[in-house]
Amino acid sequence: MSVDEVKITLIGSDLAEEGLEFVYRGELEDCEGCRMHKVCNNLTPRKSYRITGIRNSNILPCNVHHNGVCAVEVVDSPVMVLIDAKKAILNSEITMDFICPEIGCDNYEKCFPEGIVESGKYLVTRIVDSEKKSCERGKNLKCVELIPK
């Protein structure tokens with residue numbers, strides 16, 4: 001999905017709220033055999049999305065969501081992440097590679113937050129914090145907002 005491209009999917013009716021941001025985790029075993037399977041599972045696993053609109057008030061039965069599902073419009077949601085300060089250039093494209101072995105580092109979850117897909121291409125849409133942060137491996141990091149390309 002490119003920046004601002006709208007995609008239609010189904011989500012639990014209790015969750016269907018404009019502005020809700022979520023990370024799609026992938027399909028569940030309970031989805032097998034459902035006639036709505038392809039529409040519910042048309043997003044990229046581990047990627048972050050934001051609901052921009054509710055399509056209609058039709059509630060469809062679901063094996064996973066107790067109160068059924070409804071159609072929503074989603075777009076890629078921006079994700080805040082720490083990246084190498086040298087790559088923190090507004091409107092530049094970067095590829096996210098998860099190569100840090102320091103899983104116990106205080107910055108690890110900020111460097112590899114939910115919603116970022118390994119080897120995914122992203123656009124730096126905002127420099128969130130101009131102050132450099134250092135990591136256990138001696139790199140200078142900056143907090144930026146990324147959106148998938």
Side-chain angles (χ1 to χ4, degrees), residues 1-85 87-100 102-131 133 135 141-149:
M1 219 158 64
S2 64
V3 177
D4 294 332
E5 182 181 330
V6 175
K7 193 164 204 162
I8 308 300
T9 193
L10 297 176
I11 193 167
S13 61
D14 293 340
L15 300 171
E17 183 178 317
E18 202 167 314
L20 175 78
E21 293 188 7
F22 64 96
V23 174
Y24 174 65
R25 305 237 188 267
E27 69 180 79
L28 302 170
E29 283 183 34
D30 290 345
C31 298
E32 286 183 38
C34 176
R35 65 185 181 95
M36 295 294 146
H37 176 266
K38 287 187 179 181
V39 181
C40 284
N41 295 290
N42 62 350
L43 302 177
T44 304
R46 297 178 309 281
K47 201 168 172 189
S48 184
Y49 296 93
R50 180 172 37 88
I51 297 175
T52 58
I54 312 300
R55 266 301 169 110
N56 56 42
S57 59
N58 293 344
I59 305 295
L60 303 166
C62 177
N63 295 335
V64 175
H65 296 278
H66 175 68
N67 291 326
V69 293
C70 65
V72 294
E73 300 171 358
V74 299
V75 295
D76 291 329
S77 179
V79 178
M80 303 298 184
V81 62
L82 289 175
I83 63 171
D84 188 326
K87 293 181 178 182
I89 302 166
L90 193 61
N91 297 320
S92 65
E93 185 179 307
I94 64 170
T95 301
M96 288 300 294
D97 293 315
F98 297 167
I99 55 173
C100 182
E102 303 295 333
I103 296 173
C105 174
D106 290 340
N107 290 326
Y108 191 82
E109 287 186 19
K110 295 172 190 165
C111 290
F112 309 110
E114 274 195 309
I116 295 290
V117 178
E118 187 170 6
S119 299
K121 295 194 181 304
Y122 292 86
L123 180 68
V124 177
T125 56
R126 183 165 64 110
I127 309 296
V128 178
D129 188 357
S130 60
E131 188 176 308
K133 297 175 182 7
C135 76
L141 306 170
K142 277 193 180 178
C143 185
V144 298
E145 180 181 83
L146 299 180
I147 191 107
K149 282 288 292 174

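Along the sequence shown, residues carry numbers from 1.
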Tell me, please, which residues at least two apart from [X] pass side chain to side chain contact (heavy atoms under 4.5 Å, CB included).
X: A71; result: I8, L10, R55
X: E21; result: R50, S77
X: P113; result: V79, V81, I116

Identify the two heavy atoms, one from [X] and one from [Y], that lie closest to each other, and give their separation to 0.1 Å.
X: V117; Y: Y122; value: N-OH, 2.7 Å
X: I127; Y: A88; value: CD1-O, 3.4 Å
X: C31; Y: V64; value: SG-CG2, 4.2 Å

Pairwise salt bridge (charged side-chain N to carboxylate O under 4.0 Å, His left out) hits with a residue in residues 24-35, at least two apart | R25-E114
Has the side chain of [X] got a donor or acceptor atom that lies under 3.5 Å from a matching backbone atom of [Y]?
X: T9; Y: E73; answer: no
X: S13; Y: I59; answer: no
X: K142; Y: K87; answer: no

With sequence neighbours excluded, what pairs up with Y108 under the ring pair (Phe, Tyr, Trp, His ring centres under 6.0 Å) test?
-> F112
N41: partners by side-chain hydrogen bond (donor to acceptor under 3.5 Å, both in side chains), with sequence neighbours left out | Y24
